[in-house]
Amino acid sequence: MMAIKRGSLYVVLILIALLLFFPIIYAFLVSFMSTKEVLMGHLIPKSFSLTNYIDAFQALPLLHSLINSMLVSIITTIGQIIVCSLAAYAFVFIEFRGRQFLFFLFVSTMMIPWEASIIPNFVTVQKLGWINHYAALTIPFFATAFGTFLLRQHFKTIPKELHEASRMAGLGHLSFFLKVVMPVSKTSLVTLGIYCFLTTWNSYLWPLLVTTDERSRTAQIGLRQLHAQENVTQWGVVMAGVVIVAIPTLLVLFLGQKHLQKGLMDGAVK
Amino acid sequence: MAMENPTTTGQVPSLNMPYRTFWEKTRRFQVALLFLLPSLILFSVFVFYPLFRTIYLSFFLTNQKGLPTVFVGFDNFIQLFQSADFLQSVKATFLFILYTVPASVVISLFLALLANEKLKGIHFFRTIFASSLGVSVAAASVTWLFIFNPTMGVLNRIISLFGIQEINWLADPHWALLAVSMTTIWLNLGFSFLIIFGGLQNIDQSLYESSSIDGAGYFYQLRRITIPMLSPTLFFIMTVSLINAFQTFGQIDLLTGGGPGQTTNLMVYAIYKDAFVNFNFGKASAEVVILFLLILIVTLLQFKFVEKKVHYQ
């Protein structure tokens, strides 16, 4: 009886996994097909030749846009970790007048979707001369309420005695923050890092608005152009582009899934 | 490093000196402010100022540069509510929410329950179930664009096996919004699954053990233990999915461009077009204000009605 139950569970799991993963497999398979194979509607390519990948890199400055995305995602991740951990520290370890109010102010930013501020932000970025610069793609995302809360949850678990002891030892706030708090919070810093990297790499609307020349485009916008350029004829090339753009984040997700899951739960629900 | 000494020495003399200056009394506040300053500056420039600026702009006509020219009071809003296009985009947005949010949550819950079974190799399936979180809106949309392709795409090939006539998924007004919703649900599943699965893992196992002794079956446990204990997580993921649905843009831009016949012209896409294609910042700002209010109302309503039924430990 148990064996039957287990067997049927596996069947269900495999079927669902295939169904869910199908778009990714499909993109991967089509990326190796010639135009003729695509037109015939084949599901499995005849050979795994890399022609489409070479074409995808030649059709556009795709490599350049990948480097842009990588740098933008890394800068945003580091910036967000620094800015959010500083703020989280103040909320946990410094008792000051107005803490409640400032905390409420941070919470309220969660109620304001990014899209709601996009028009003035575009004008601001334009006035600052940040159009087509990394600054526009990174700096506005350094401060987030989500990141601050996630880290705050973790900082709260650091024993207060540790803070007392370090004060006795003559450590000021900044050294306590750098030498004690940050090192013991590695896990949640990694969680925030993974989450931030994924969301930045995948962002679409804002990079579309603030980058206008080819050299500053991110990979997502590169994909949009690739699709516009090759639309009807070269699906194999377009799919090669999809696979190239999706690989870095899929890797980050697969490697960091445990971290991400635990950290997100701690930050989100508690 | 410069602020180490002031903080430590600032504490000690204050104990035996009755006359503290204002500077000394607010020392902790100043230190806290230093830590909070980067966030506060960024929030002011990129969150609070734009919000008020948007509200301000929504009462004006604007020129090509996006600068306000003539104050028109509520005219932008009145015109929006009389415009069939805008009402259509509101309607499409609510339909889209209806198609995507409940389905995403229910399917993710089902996946999470499956992934919570103790089986060999279950980690592999968990990774697969979460995989769409690692796929960007652009990559997913382009893939689905091909899946929906009327002649070459796999979807029509599958349905033709069942003798169903080919469907022009993205160009047929009856199907376009559903097709966009399908793509969106698939994109949502990774994140929702991960959150709900995390919630499942946090449930105290002893609850199940004691009820098993009482002879409770799987579905009884599901109804009496799992769902109630999971309700805060379900509530959280519902709110997040709802807010995300209101903000949908990438799928529309790549899959349909708002068509056919504006059936998929969701609010953020309409705002994008009015603001950055037609450069009508006044009208677009009014649309943003309405979107913001809608998100606010829906979130508050959800808190009011759903929160009551949510079980917290």
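Here is how names work: the chains are called A, B, and so on, in the same order as the sequence lines, proteins then strands, and each is numbered from 1.
Contact of Leu37(B) with chain A is not made at all, since no heavy-atom distance falls under 4.5 Å. If you measure heavy-atom distances from Val30(A) to chain B, the contacts under 4.5 Å come from the side chain alone. Of the atoms belonging to Leu205(A), heavy atoms from both backbone and side chain fall under 4.5 Å from chain B. Proximity to chain B is limited to the side chain of Ser108(A), based on heavy atoms less than 4.5 angstrom apart. Looking at Leu43(A), the atoms closer than 4.5 Å to chain B (heavy atoms on both sides) all sit in the side chain, from C-beta outward. Neither the backbone nor the side chain of Phe93(A) comes within contact range of chain B, judged by heavy atoms closer than 4.5 Å. Looking at Leu208(A), the atoms closer than 4.5 Å to chain B (heavy atoms on both sides) all sit in the side chain, from C-beta outward. With a 4.5 Å cut-off on non-hydrogen atoms, Leu86(A) touches chain B through its backbone and its side chain both. Using a 4.5 Å cut-off between heavy atoms, Ile118(A) contacts chain B through both its backbone and its side chain. Looking at Val123(A), only its side chain comes within 4.5 Å of chain B, counting heavy atoms on both sides. Gln126(A) does not touch chain B: none of its heavy atoms, backbone or side chain, sits under 4.5 Å away. Only the side chain of Phe91(A) has a heavy atom closer than 4.5 Å to any heavy atom of chain B. Proximity to chain B is limited to the side chain of Leu209(A), based on heavy atoms less than 4.5 angstrom apart.
Between Phe177(A) and Phe35(B), the ring planes lie perpendicular to each other; the angle is over 60°, past the 30° to 60° tilted range. Classification of the Tyr204(A)-Phe249(B) ring pair by plane angle, with boundaries at 30° and 60°, yields tilted. Between Tyr195(A) and Phe191(B), the angle of the ring planes lies from 30° to 60°, which puts this pair in the tilted group.
The line from CG of Leu102(A) to CG of Leu40(B) is 6.0 Å long, rounded to the nearest 0.5 Å. With values rounded to the nearest 0.5 angstrom, Tyr49(B) atom OH is found 5.0 Å from Thr124(A) atom OG1. Taking CZ of Phe125(B) as the reference point, atom CG of Leu13(A) lies at 5.0 Å (rounded to 0.5 Å). Rounded to the nearest 0.5 angstrom, Glu37(A) CD and Met152(B) CE are separated by 13.5 Å. Annotation: the span from Leu253(A) atom CG to Leu194(B) atom CG amounts to 7.5 Å, rounded to 0.5 Å.
Aromatic pair Phe146(B)/Tyr26(A): ring centres closer than 6.0 Å. The ring of Phe106(A) has its center closer than 6.0 angstrom to the ring center of Phe43(B).
Between Leu34(B) and Leu174(A), the closest side-chain pair of non-hydrogen atoms is not below 4.5 Å. Proximity of Leu33(B) to Phe96(A): side-chain heavy atoms (C-beta onward) are nowhere separated by under 4.5 Å. Contact check for Gln257(A) versus His123(B): no side-chain heavy atoms found under the 4.5 Å cut-off.
In this structure, Pro23(A) and Trp144(B) approach most closely via the heavy-atom pair CG-CZ2, 3.7 Å. The two residues Thr249(A) and Gly134(B) make their nearest non-hydrogen contact at OG1-O, 2.6 Å. Taking every heavy atom of both residues into account, Ala32(B) and Ile94(A) meet most closely at CA-CD1, 3.8 Å. Across Lys5(A) and Glu117(B), no two heavy atoms sit closer than the pair NZ-OE1, 4.2 Å. Counting all heavy atoms, side chain and backbone alike, Ala139(B) lies closest to Gln220(A) at N-OE1, 4.2 Å. The shortest heavy-atom contact between Asn121(A) and Pro50(B) is OD1-CG, 3.1 Å.
Counted within 6.0 Å of CZ on Phe254(A), heavy atoms from surrounding residues, nucleotides or ligands total more than 12; the atom is thus considered enclosed.
In this structure a side-chain-to-backbone donor-acceptor pair under 3.5 Å is missing from Arg53(B) to Pro120(A). Not one N or O on the side chain of Ser136(B) forms a donor-acceptor pair closer than 3.5 Å with the backbone of Asn202(A).
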**Working for side-chain contact (heavy atoms from CB on, under 4.5 Å), residues Lys120(B) and Tyr10(A)** = CA-CA 10 Å; Lys120(B) 238 188 185 166; Tyr10(A) 274 118; 3.5 Å; yes

**Message:** For Trp235(A) and Leu145(B): C-alpha separation, side-chain torsions, deciding distance, then whether side-chain contact (heavy atoms from CB on, under 4.5 Å) applies.
**Reply:** CA-CA 10 Å; Trp235(A) 273 106; Leu145(B) 195 61; 4.0 Å; yes

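By number of non-hydrogen pairs under 4.5 angstrom with chain B, the leading residue of Arg99(A), Met40(A), Arg224(A), Arg97(A) is Arg224(A).
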